2 protein chains.
Amino acid sequence: MEKDKIDENILKESGLKNTKHRTTILEFLRDASQPVSAEQIYCDLKEKNVSINISTVYRTLETLIDKELILKHSVTNENKALFEYNNRVHKHYLVCMGCKKITSIENCPLHDYEKVLENNTGFRITGHKLDVYGYCPECQRKGIGKQNIED
Amino acid sequence: MEKDKIDENILKESGLKNTKHRTTILEFLRDASQPVSAEQIYCDLKEKNVSINISTVYRTLETLIDKELILKHSVTNENKALFEYNNRVHKHYLVCMGCKKITSIENCPLHDYEKVLENNTGFRITGHKLDVYGYCPECQRKGIGKQNIED
DNA sequence: TTAATTGCAAACACTTTGCACGCTA
DNA sequence: TAGCGTGCAAAGTGTTTGCAATTAA
């Protein structure tokens with residue numbers, strides 16, 4: 001496992017002090033399989049006997065976002081933010097409306113579209129966010145989301 | 001102006017009782033030029049001397065969402081929801097990072113992509129949400145968002 | 001040593017809920 | 001009149017902030 005040591009340099013390179021909480025949270029996000037909430041980070045660290053305060057979690061996340069080491073997402077109809085390690089790969093998300101699991105899609109169909117839009121609108125386009133919604137194979141198997149079951 | 005009378009039938013057709021607050025909010029959203037927050041609705045109605053409680057605004061919005069008469073959005077880095085009249089046109093949004101103004105785009109480049117994705121992932125795709133970010137012509141003129149001014 | 005980071009508690013902003021009263025169908 | 005809709009106050013969530021103590025560089 002070469003997993004655990006990488007991050008310390010990343011912090012230095014971004015001009016951040018190297019603290020235990022920062023590396024812990026950054027490693028946690030790097031190893032997470034999908035975007036997670038501040039509370040999930042907090043609880044998970046507690047389970048691992050890492051003593052940390054929820055406000056420190058938020059402050060750390062904010063710092064890491066500023067330095068673009070992580071990304072923040074808002075999901076429609078969820079009132080809490082989700083955070084994800086920024087591995088600098090342009091991604092989109094497939095959100096299951098049944099189990100709420102978020103899968104990432106690395107293929108992006110929109111490269112050319114941004115240029116068309118710049119020409120049509122006069123905006124300087126800096127990025128985009130695409131989320132696709134549906135039901136995953138497992139939820140379909142369970143019958144979740146099979147049209148409207150009833151009202 | 002034929003603007004003001006349409007909505008009463010819409011409520012009936014959705015199986016909702018016809019109340020003043022519901023028609024007022026629905027008309028307000030129908031006539032809004034962009035998605036608005038619950039508080040904006042509340043304040044705007046107060047200015048027009050409509051007496052309403054903020055909890056009624058939220059409850060009404062929830063009801064209208066259930067009946068799909070309106071849509072709810074979450075914008076990244078904003079911690080409040082925005083609501084919009086559902087005119088049943090598939091739309092995307094162009095969000096200005098400078099002035100935060102939201103412009104809608106009625107052209108959708110993703111029709112075919114959803115089918116590709118269904119084949120690749122096994123998901124049953126029910127919809128998608130695309131937001132494009134950038135700087136509007138006016139903000140560019142003012143020099144807002146001209147790369148990084150400094151760090 | 002010095003400034004940045006943290007914990008704690010308290011404050012905040014947005015949203016939801018319980019209950020009694022009021023109004024639509 | 002029966003039951004849904006509303007106002008009010010209070011509680012919930014998720015997030016932020018002030019301040020004193022702690023820690024990294």
Side-chain angles (χ1 to χ4, degrees), chain A residues 7-26 28 35-46 49-67 69-84 100 151, chain B residues 7-28 35-46 49-67 69-83 100 151:
Chain A
D7 288 330
E8 309 193 353
N9 296 318
I10 296 177
L11 290 172
K12 275 181 200 155
E13 283 160 18
S14 295
L16 293 177
K17 282 189 185 174
N18 197 334
T19 76
K20 196 152 193 193
H21 289 331
R22 283 180 183 160
T23 55
T24 307
I25 289 177
L26 198 49
F28 181 88
V36 296
S37 68
E39 200 192 8
Q40 281 174 282
I41 295 169
Y42 175 70
C43 294
D44 236 275
L45 296 185
K46 280 226 153 170
N49 295 312
V50 176
S51 164
I52 190 170
N53 191 275
I54 187 68
S55 67
T56 303
V57 173
Y58 279 107
R59 277 194 275 229
T60 302
L61 290 169
E62 196 185 9
T63 305
L64 298 175
I65 290 164
D66 278 353
K67 299 299 182 180
L69 296 174
I70 66 173
L71 302 171
K72 181 177 181 177
H73 300 280
S74 302
V75 181
T76 295
N77 296 333
E78 294 284 315
N79 41 4
K80 63 188 162 199
L82 300 181
F83 303 87
E84 177 191 38
K100 306 292 176 188
D151 199 20
Chain B
D7 288 329
E8 309 193 354
N9 296 319
I10 296 178
L11 289 172
K12 275 181 200 156
E13 283 161 18
S14 296
L16 294 177
K17 280 188 185 172
N18 198 334
T19 76
K20 194 151 193 194
H21 288 155
R22 282 178 184 162
T23 54
T24 307
I25 288 177
L26 198 49
E27 283 168 3
F28 181 88
V36 297
S37 67
E39 201 193 6
Q40 281 175 281
I41 296 169
Y42 174 69
C43 293
D44 238 274
L45 296 186
K46 281 228 152 169
N49 295 312
V50 176
S51 165
I52 189 170
N53 192 275
I54 187 71
S55 66
T56 303
V57 173
Y58 278 107
R59 276 193 275 228
T60 302
L61 290 169
E62 196 185 11
T63 304
L64 297 176
I65 289 164
D66 278 354
K67 299 299 181 182
L69 296 174
I70 66 172
L71 302 171
K72 179 177 181 178
H73 300 281
S74 302
V75 181
T76 295
N77 296 331
E78 293 285 314
N79 40 5
K80 63 188 162 199
L82 299 181
F83 303 87
K100 307 291 177 190
D151 202 18

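Predicted model only: the values in this text are computed from it and were never measured. As a basis for the values below, the full set of heavy atoms in this structure was taken, side chains included, without hydrogen atoms, waters or symmetry mates. Lettering of chains follows the sequences in order, A, B, ..., and the numbering in each one begins at 1.
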Asker: Take atom CD of B:E39 and atom C1' of C:dA13, then tell me their distance rounded to the nearest Å.
Answerer: 9 Å
Asker: Measuring from the side chain of A:K80 (C-beta onward, heavy atoms only), which nucleotide among C:dG7, D:dT15, D:dT6 has the closest atom?
Answerer: D:dT15
Asker: Given 3.5 Å as the limit, does a donor-acceptor pair link the side chain of B:H21 with the main chain of B:V50, or not?
Answerer: no
Asker: Angle between the end axes of the helix from C:dT1-D:dA25 to C:dA25-D:dT1, five pairs per end, to the nearest 10 degrees?
Answerer: 40°
Asker: Determine whether A:L71 and A:I65 make a side-chain contact, defined as any pair of heavy atoms from C-beta on separated by less than 4.5 Å.
Answerer: no
Asker: Whole-Å distance between C:dT15 C1' and B:N53 CG?
Answerer: 12 Å
Asker: 5'-most contact on DNA chain D: A:R59 or A:N79, nearest heavy atom basis?
Answerer: A:N79
Asker: Can you tell me if B:S55 touches the phosphate of C:dT16, counting only side-chain N or O atoms and a distance under 4.0 Å to OP1 or OP2?
Answerer: no
Asker: How many whole angstroms separate atom CG of B:L82 from atom C1' of C:dC14?
Answerer: 12 Å
Asker: Looking at B:H21, does any N or O in its side chain come under 4.0 Å of the phosphate oxygens OP1/OP2 on D:dG5?
Answerer: no
Asker: Can a donor-acceptor pair be found, under 3.5 Å and without considering hydrogens, that links the side chain of A:R22 to the backbone of A:K17?
Answerer: yes
Asker: With the side chain counted from C-beta on, respond yes when A:T23 and A:T19 share a heavy-atom pair under 4.5 Å apart, and no when they do not.
Answerer: no
Asker: With distance as the sole test, does A:T56 use its side chain to make a donor-acceptor pair with the main-chain N or O of A:I52 at under 3.5 Å?
Answerer: no
Asker: If you compare all heavy atoms of A:F28 against all heavy atoms of A:L45, which two are closest, and at what distance to 0.1 Å?
Answerer: CD1-CD2, 4.4 Å
Asker: Mind calculating the distance between OH (A:Y42) and P (C:dT6) to the nearest angstrom?
Answerer: 15 Å
Asker: Looking only at side-chain N and O atoms, does B:Y58 come under 4.0 Å of OP1 or OP2 in C:dT16?
Answerer: no
Asker: Looking at the side chain of A:I52, which of D:dG7, C:dT15, C:dG7 is the nearest nucleotide?
Answerer: C:dG7
Asker: What closest approach, in Å, do B:A38 and B:L61 show between heavy atoms, and which atom pair accounts for it?
Answerer: CB-CD1, 3.9 Å
Asker: Each nucleotide in nucleotides 20-25 of chain C should get exactly one letter: B, S or -. Can you fill that in based on protein heavy atoms under 4.0 Å?
Answerer: ----BS
Asker: Could you give the CD-to-P distance, from A:E13 to D:dA25, as a whole number of Å?
Answerer: 14 Å
Asker: A side-chain contact here means heavy atoms from C-beta on lying under 4.5 Å apart; do B:I25 and B:I70 qualify?
Answerer: no
Asker: Round to the nearest Å and state the distance from A:R22 atom CZ to D:dT23 atom C1'.
Answerer: 11 Å
Asker: Starting at atom CD of B:E78, determine the distance to atom P of C:dT15, rounded to an integer number of angstrom.
Answerer: 11 Å
Asker: Measure from CG on A:L64 to P on C:dT5 and round the result to the nearest Å.
Answerer: 11 Å
Asker: Output yes when a side-chain donor or acceptor of B:E27 lies under 3.5 Å from a complementary backbone atom of B:T24, and no otherwise.
Answerer: no
